[in-house]
Protein chains: 2
Amino acid sequence: MDGRSPVRQASVRAHNLALVLRHVAAASRPPSRADLAASTGLTRATVSALVDDLVGGGLLAEVGPAPRAGAGRPAAGLVLHGYGPAGLGLEINVDYLAGCVVDLTGTVQHRAIVHGDQRRLDPAGVLAAVADLGAELRAEAAAAGRTVAGAALAVPGLVSGVGLVHRAPNLAWHDVDAAGTLAAGPLGDLPLIVDNEANLAAIAELHADGQGLDSFVYVSGEIGIGAGIVLHRDLFRGARGWSGELGHVCVRPDGPRCRCGASGCLEQYAGQEALLRDLPPGEAGLARLRAEAALAEARLPAAGRSLGVALAGVVNMLDVDTVVLGGIFGPLAPWLAPAVEAELSQRVLTSAWSPMTVRASALGPAAAAVGAAGAVVRDILAEPAAWVRA
Amino acid sequence: MDGRSPVRQASVRAHNLALVLRHVAAASRPPSRADLAASTGLTRATVSALVDDLVGGGLLAEVGPAPRAGAGRPAAGLVLHGYGPAGLGLEINVDYLAGCVVDLTGTVQHRAIVHGDQRRLDPAGVLAAVADLGAELRAEAAAAGRTVAGAALAVPGLVSGVGLVHRAPNLAWHDVDAAGTLAAGPLGDLPLIVDNEANLAAIAELHADGQGLDSFVYVSGEIGIGAGIVLHRDLFRGARGWSGELGHVCVRPDGPRCRCGASGCLEQYAGQEALLRDLPPGEAGLARLRAEAALAEARLPAAGRSLGVALAGVVNMLDVDTVVLGGIFGPLAPWLAPAVEAELSQRVLTSAWSPMTVRASALGPAAAAVGAAGAVVRDILAEPAAWVRA
DNA sequence: TCAAATAATTCAACCGCTAAACAAATTACG
DNA sequence: CGTAATTTGTTTAGCGGTTGAATTATTTGA
């Protein structure tokens, strides 16, 4: 249904199945078949047939009739099936591995995180470890009666469409075939998505916020700085899937040299290394930065201004109205956000009549793992035809 | 067919009509029904039925059978109908009005341009003048046997979806209801699109280039600097339709103040006013800049570097691989492009393994008018169902 | 207890696509 | 020449999917 392929009756069915499912997911209370007919524009006869398929496929469940006001046969409410297919999300980051299982309703049912510097192992070792973590979670989910239908892996780097990690500078990875390696492991039977950590964290943010967010830039502050762009509740991937390299947007052409080879990249002003420069090293560095109010007050607003300059450029080009500060920028938002907001309101052309919103992410750590699982669920909900009578 | 609406059999028909039409438009030689069946994946029977409708609707025409090698019944070639519905494109710019009529094949059949400073008239006067221009072109087209099916107006400013010109700073327009005003004039019976000049010029570039360009940023250097972004042969509009404000991307946070209120905007380094600053005034200013080699060599590379810095940020976020220099930047490309390329190759993360292309626009003046007409044609070809048996 | 109201299902009709048979128009070749 | 081979395009039966109206199901209210 991508405009490039022919359409036959089966595609109509597939489209309308997804349409009904989307309306169930978006409804504020369990809708009846009649409600769905009204909201989708399909007839009740058609909706009934579609719902039958979706219930049969384990994607929808009926809930007991809610008490109604007025006469009439009571409606059977429909909800996403909490025990239908579920998504497994995995995340590799510089200083931890994480995973979780999310059901169709978007609820995180199982989660795990393993701290430790992943730069000590080679890529194959890291991938084996994360696969083991995933296999454990999958077993937990199976014990609870849920079937993991697919997996997604978040990586802090550039990923090509086929699951090849082109570069992950902070892991020192280079052309690692993540999809191929995982296919040989205990998760090899699952369909696998591999994507950038910021993209998947943005998906997590989108789902966590319910229906509130429509379009935003999610800024992922980890060792590097990435961005996931969501437009009209859909992830924006750019022309080749390598969008969102916010960390290497230029803030000052004559600024300090970046390890990417350019000069004055945002990462040199607001990256974790720049924020912690000259601080006593150690795991608690970031916590200390928050504690040392004087330093925070001096350093973070400057970083926020640089972040704001870079984001203003992005917003002038993409025209989103919301910026979400995630990763380490989330907890630091009280110090960063005012400066970001100030730069945006000064530099974004449309802010004169349509003010920008800057807020901290609603997500905790391992946001990308949650988003990865969410991406799997998203795909199931977007293409339910594969799940009915299969 | 936007994913938000129900799909019925009629939608299938509409989709496949558009599919067939797109394949005819993209073919290098007039395809037969059998060719189309093979390339679209539909059966020959279906393609025949669809083609009958399209020929009946005046969108396709049969050409005599081409000589073939080998046995078999000769094929009837199909081409876009040169005398079917046509698009009327109009452009309002600071120093001229332009218009043209483009047929379904993308050929410009009639064109007109009127030079003169449009800031002397009020918006209503300018709109009346451009409507008159459009009406003349429409009459010319009618005399030649072509029916104008719709119009599009390009404006150098921010346009909202309903045809309201929110701001056009260089025309000093503010909340001008262009669509409403034109609806009351001689073109009032035509469906009307109003869009930003850079967006429509990008569409013109897309069509002018045949099948070569897939994703690019078209930089429109006029009095201000705008950008039209094309991704996968489709115009990218951002979240609210106000994307592409390249002129106000920050190049140096502490640079000179811009009239938008911010500081260090690209327009202060590469805008027409900045390029011509301190040059003797007059219409020939730009020509003189080209002539005065010394000045050009000194000033344009610096402007190119600023342009490159801003574009590098854009490309890092959007991941396009081609930049097209349009408007006044087109003829100045020999001086600008090297500096732009240098900055891009240094600053764009992906350029290390996937080099960027920078080139001058293939279009002459009034590119936006051609693109506007192209946008109308595009819409007809994308939704042919409205034109068959109507 | 029965009428009104609302939910959900059933069924005939219609529409569009497919597959296969068929008709049309040309070349290849004995 | 004339027939076979080949390719294009059309016809027809069948199928899947939606519609709309009628029907069945289940509740409230008088």
Side-chain angles (χ1 to χ4, degrees), chain A residues 1 5-20 23-24 27 29-56 60-78 384-385 388-389, chain B residues 1 5-20 24 27 29-56 60 62-78 384-385 388-389:
Chain A
M1 202 65 90
S5 347
V7 165
R8 26 187 71 81
Q9 281 88 331
S11 331
V12 172
R13 188 68 165 186
H15 179 106
N16 287 339
L17 281 168
L19 181 70
V20 166
H23 277 257
V24 173
R29 64 190 66 240
S32 66
R33 290 165 174 78
D35 292 337
L36 290 169
S39 69
T40 59
L42 296 162
T43 63
R44 282 176 312 178
T46 304
V47 169
S48 270
L50 293 167
V51 166
D52 285 351
D53 275 7
L54 292 170
V55 170
L60 286 185
E62 283 197 350
V63 294
R68 320 173 354 89
R73 170 176 170 177
L78 295 164
V388 307
R389 53 197 164 174
Chain B
M1 204 65 84
S5 348
V7 164
R8 26 188 72 78
Q9 281 88 334
S11 330
V12 172
R13 189 69 168 184
H15 178 105
N16 287 338
L17 282 168
L19 182 70
V20 166
V24 174
R29 65 189 63 241
S32 67
R33 292 164 173 79
D35 292 337
L36 290 169
S39 69
T40 60
L42 296 163
T43 63
R44 281 178 313 177
T46 304
V47 169
S48 269
L50 292 166
V51 165
D52 285 351
D53 276 7
L54 291 169
V55 170
L60 285 185
E62 283 196 349
V63 294
R68 320 173 355 87
R73 171 175 169 176
L78 296 163
V388 307
R389 52 198 167 174

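Bear in mind that the values here come from a model prediction, so they are computed numbers and not experimental data. Numbered from 1 within each chain, the chains take letters A, B, ... in sequence-line order. Basis for what follows: all heavy atoms, side chains included, without hydrogens, waters or symmetry-related copies.
Spacing between atom CD of A:Q9 and atom P of C:dA19 amounts to 11 Å, rounded to whole angstrom units. Between the CG atom of B:L19 and the P atom of C:dC17 there is a distance of 11 Å, rounded to whole Å. Rounded to an integer number of Å, the gap from A:D52 CG to D:dG17 P is 14 Å. One can place CZ of A:R8 at 16 Å from P of D:dT18, the figure rounded to the nearest angstrom. Distance B:R73 CZ to C:dT26 C1': 10 Å, rounded to the nearest Å. Across the protein-nucleic acid pair, A:E62 atom CD and C:dT9 atom C1' stand 13 Å apart, rounded to whole Å.
Under 4.0 angstrom from either OP1 or OP2 of C:dT6 there lies no side-chain N or O belonging to A:S32. A close approach under 4.0 Å does not occur between any side-chain nitrogen or oxygen of A:S48 and OP1 or OP2 of C:dA7. Distances shorter than 4.0 Å separate none of the side-chain N or O atoms of A:N16 from OP1 or OP2 on D:dG17. Distances shown here put a side-chain N or O of A:R13 below 4.0 Å from the OP1 or OP2 atom of D:dT18.
Looking at A:S39 and A:H23, their side chains do bring a donor and an acceptor atom within 3.5 Å of each other.
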| Checking salt bridge (charged side-chain N to carboxylate O under 4.0 Å, His left out) for the pair A:D35/A:R29: CA distance, chi angles, key distance, verdict? | CA-CA 11 Å; A:D35 292 337; A:R29 64 190 66 240; over 6 Å; no
| query | Given A:L78 and A:V20, is the side chain to side chain contact (heavy atoms under 4.5 Å, CB included) satisfied, shown in steps? | reply | CA-CA 11 Å; A:L78 295 164; A:V20 166; over 6 Å; no
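Heavy-atom distances to DNA chain C give each of A:A45 and A:P74 a nearest nucleotide, and the one nearer the 5′ end belongs to A:P74. Residues A:G72 and A:A10 both approach DNA chain D. Their nearest nucleotides, taken by heavy-atom distance, put A:A10 toward the 5′ side.
For the contact set between residues 33-44 of chain A and DNA chain C, defined by any heavy atom under 4.0 Å, the members are A:R33, A:A34, A:R44.
The distance from the OG1 atom of B:T46 to the CG atom of B:L36 is 12.0 Å, given to the nearest 0.5 Å.
Among the heavy atoms of the strands, none lies under 4.0 Å from A:A49. Within 4.0 Å (heavy atoms only), B:A75 reaches sugar-phosphate atoms of the nucleic acid but no base atom.
Pairs passing the salt bridge (charged side-chain N to carboxylate O under 4.0 Å, His left out) check and including a residue from residues 36-45 of chain B, sequence neighbours excluded, do not occur.
Remark: the backbone N or O of B:P6 is not paired with any side-chain donor or acceptor of A:N16 at under 3.5 angstrom.
Side-chain contact between B:S11 and A:V12 is absent, with no heavy atoms from C-beta onward closer than 4.5 Å.
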